[in-house]
Amino acid sequence: MKSIICRLTIVILACIVGVYSNAVRGRPISKENKSSVLINGNGWKNAKVDRFADTKQNLSDEQVRKYLAMLENQNQKNSFEKEDIVVSQALEVLDPIRISGNFLTKQLTTTEPQTTVQATTEALTTQPDETTQEATTENPNNSPKTGDVEMLVEDIVYSGNMIHWSAREQYLAISDIWGQKYLRFEEIPPATTTVAPATTIAITEAATEAASDDVTTEVAAERDVDVATTTEAPLTTTEILTTTLEPLPYDIKTFEVSKDVVFLIQPQLKTEGTYPLMIPVDDYGQLTEDESDFILAFGDLLHIGHWDLESSYMNMSNVEWHNTARANMDIDQFHVPSPAWVDPAGKMFIGSRDLRKFEKVVTNSKFVTLPNSFELYSTLDVLSKISCEPNGMAWSPDNSTLYFSDGHTRDITKCMYDMDVADASNCSTILNVKDDIFETAVPQGIATDENNHIWVAVAENDGKGAIIEIDPESNKIISTIDLEDPNPVDVVFAGEDLDFMYVLSKESLYKMTGLGVSGMHVPDFVWNPDEKKRSIRLDKQL
């Protein structure tokens with residue numbers, strides 16, 4: 001009897017622990033499984049989300065953090081104005097029941113069905129000596145994923161360096177570092193056309209000839225002349241084939257900068273420039289009169305460019321180059337800028353790499369940030385010590401972890417991230433692709449998904465390319481999706497729902513669908529100079 005009571009107690013305790021652990025994990029819950037929740041943020045730092053599910057919005061934890069980040073951007077001088085458009089939008093979605101200073105509380109009153117434990121004495125008494133096995137459920141997020149890979153544009157670039165998906169403007173920004181061009185790529189949805197049925201009137205050849213003979217006889221009789229038999233010469237017809245070219249399912253716009261424009265004032269310094277990075281600008285501070293602005297680089301010179309949506313080709317003029325915001329990265333000789341990345345607060349980061357591939361000499365990278373302004377500050381010193389060829393950077397859904405890939409060490413690294421000061425610390429290696437994947441494999445661009453998994457483009461993976469999914473908590477590879485192209489360089493989640501991927505290789509653009517997961521929202525560069533003084537240490541300005 002004691003054995004039966006003991007076993008029943010263990011079962012009940014296991015169920016209670018399971019229910020409690022599920023309640024505090026902070027994962028999104030389905031529409032069928034709702035519970036009361038509490039959201040709070042102390043100064044909008046370390047925002048905590050405990051089981052958020054809204055019957056009207058059905059928001060996930062990640063979407064809640066996104067709106068909290070929007071509030072953080074607006075939270076100047078430790079306060080915010082409810083009348084502000086962005087603040088009012090965020091508060092309307094979150095619908096808090098109480099706002100006090102920098103503390104926001106939301107209580108949902110939906111209830112979660114109670115879990116009942118059914119146990120029978122008969123079942124326990126019939127198997128007194130058997131060992132009770134504890135039921136375990138594998139996290140479905142850790143199941144291997146597959147995707148359908150489609151080539152969108154072959155040879156779209158000469159030497160692809162990076163891509164960035166602008167969720168705000170819904171286009172893909174592409175940098176062709178050695179092809180010296182920047183591209184704006186937009187897919188065009190297929191047009192839906194309705195064709196009306198055509199009505200055809202058929203006249204037989206025999207009927208036509210009979211009618212013709214009758215008319216000829218009648219005319220001849222009236223004129224009292226003989227009907228002569230005539231032989232008609234055969235008609236020769238030439239068929240002209242006409243072809244209509246189907247419109248391309250995408251639109252590409254090209255942007256270039258001439259070295260004559262860049263070095264107009266100092267022609268003695270004229271030299272070719274690389275095109276390493278392009279990031280769209282969210283002009284929150286309304287510092288320009290134009291929309292569709294973006295940051296571009298000509299070598300280590302950063303500038304503001306503008307897309308003319310009515311033209312397919314643009315070349316920056318002298319007036320535009322010399323009368324818009326600019327900055328100089330001032331990197332070392334023989335170095336070129338890396339791709340650029342944007343953190344969840346809209347701050348932009350750029351590294352550098354040495355073009356010289358010495359056998360014994362290694363030059364470390366340097367990193368700078370544009371903290372919501374067009375001023376450069378040095379940062380990420382902890383990465384400078386371990387990086388020589390920065391290829392990828394992304395952030396976790398809670399904004400507390402920075403993920404990084406380096407092509408020289410071939411490490412994929414995670415670091416603690418402080419979004420307020422735009423800096424990282426306490427880095428550790430997730431895995432080394434040379435040791436854990438293939439001896440020639442090189443990690444490239446990185447993206448994160450809603451499950452806090454990282455997706456890494458891997459080049460030269462045994463003669464092929466690959467996109468791999470990694471769980472950074474267990475440091476295990478979850479999925480591997482092979483590419484026939486051996487040289488993928490970057491990957492981003494895209495689309496209105498961030499439910500597919502664009503993959504840029506050295507020369508071509510691909511699209512990957514059917515992944516069964518959505519990506520993290522990556523903002524454009526937020527240009528709002530009032531924000532930068534709150535966070536960046538001014539003594540690190542370049």
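The chain is numbered in sequence order, starting from 1. Below, each value reflects all heavy atoms present in this structure, side chains not excepted, and no hydrogens, waters or symmetry copies.
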Would you mind reporting whether Asp332 and Ser352 have side-chain heavy atoms less than 4.5 Å apart? no

Would a 4.5 Å heavy-atom cut-off, applied to side chains only, mark Leu277 and Asn161 as touching? no

side-chain contact (heavy atoms from CB on, under 4.5 Å) evaluation trace for Ile468 with Ile454: CA-CA 8 Å; Ile468 62 172; Ile454 58 178; over 6 Å; no

Parallel under 30°, tilted from 30 to 60°, perpendicular over 60°: which one fits the rings of Trp307 and Tyr171? perpendicular

Please verify the inter-ring angle class for Phe367 with Phe404; under 30° counts as parallel, over 60° as perpendicular, anything in between as tilted. perpendicular

Please check if any side-chain donor atom of Ser387 sits under 3.5 Å from a side-chain acceptor atom of Asp406, or the reverse. yes

Atom NZ of Lys464: over 12 foreign heavy atoms under 6.0 Å: no

Show your reasoning for whether side chain to side chain donor-acceptor pair (under 3.5 Å) applies to His453 and Thr448. CA-CA 6 Å; His453 288 183; Thr448 48; over 6 Å; no

Answer whether the closest heavy-atom distance between the side chains of Tyr182 and Tyr275 falls below 4.5 Å. yes

Looking only at non-hydrogen atoms, find the nearest pair between Pro337 and Asp300 and report the distance. CG-CA, 4.2 Å

Evaluate the side chain to side chain donor-acceptor pair (under 3.5 Å) criterion for residues Tyr417 and Asp423: first the C-alpha distance (whole Å), next the side-chain angles of each, then the deciding distance (0.1 Å), finally the verdict. CA-CA 6 Å; Tyr417 183 69; Asp423 210 347; over 6 Å; no

Is there a side-chain contact between Leu370 and Phe525 (heavy atoms, below 4.5 Å)? yes

Reported CD-to-CG distance for the pair Glu460 and Asp462, which is rounded to 0.5 angstrom: 10.0 Å

Is it the case that the side chains of Asp411 and Asn432 hold a donor-acceptor pair, with the cut-off being a distance below 3.5 Å and no angle test? yes

Salt bridge or not between Glu169 and Arg184? Use side-chain N to carboxylate O under 4.0 Å. yes

Any ion pair linking Lys253 and Glu186 (charged N to carboxylate O, less than 4.0 Å)? no

Taking salt bridge (Lys or Arg N to Asp or Glu O under 4.0 Å) as the test, write out the residues that go with Asp490, two or more places apart. none

Verdict with supporting geometry, Tyr502 and Glu187, side chain to side chain donor-acceptor pair (under 3.5 Å): CA-CA 11 Å; Tyr502 284 125; Glu187 284 195 79; 2.6 Å; yes

With side chains defined as the heavy atoms from C-beta onward, is the minimum distance between Leu302 and Arg326 less than 4.5 Å? no

Glu469 versus Asp449: any side-chain heavy-atom pair under 4.5 Å? yes

Taking the side chain as every heavy atom from C-beta outward, state whether Leu380 and Phe349 have any pair of such atoms under 4.5 Å apart. yes

When rounded to the nearest 0.5 angstrom, what is the spacing between CG in Leu504 and CD in Gln444? 10.0 Å

When you check the gap from the basic side-chain N to the acidic O, do Arg168 and Asp524 get nearer than 4.0 Å? yes

Taking CD in Glu291 as the centre, count heavy atoms belonging to other residues, nucleotides or ligands within less than 6.0 Å. Is the count above 12? no

Do His303 and Thr324 pair up side chain to side chain, a donor and an acceptor below 3.5 Å, judged on atom types alone? yes

Side chain to side chain donor-acceptor pair (under 3.5 Å), that's the test. Do Asp398 and Ser396 meet it? Break it down for me. CA-CA 5 Å; Asp398 63 1; Ser396 62; 2.6 Å; yes

Would you say that Val456 contacts Ile467 through its side chain, given a criterion of any heavy-atom pair below 4.5 Å between the two side chains? no

Classify the side-chain pair Asp471/Ser474 by whether it contains a donor and acceptor separated by less than 3.5 Å. yes

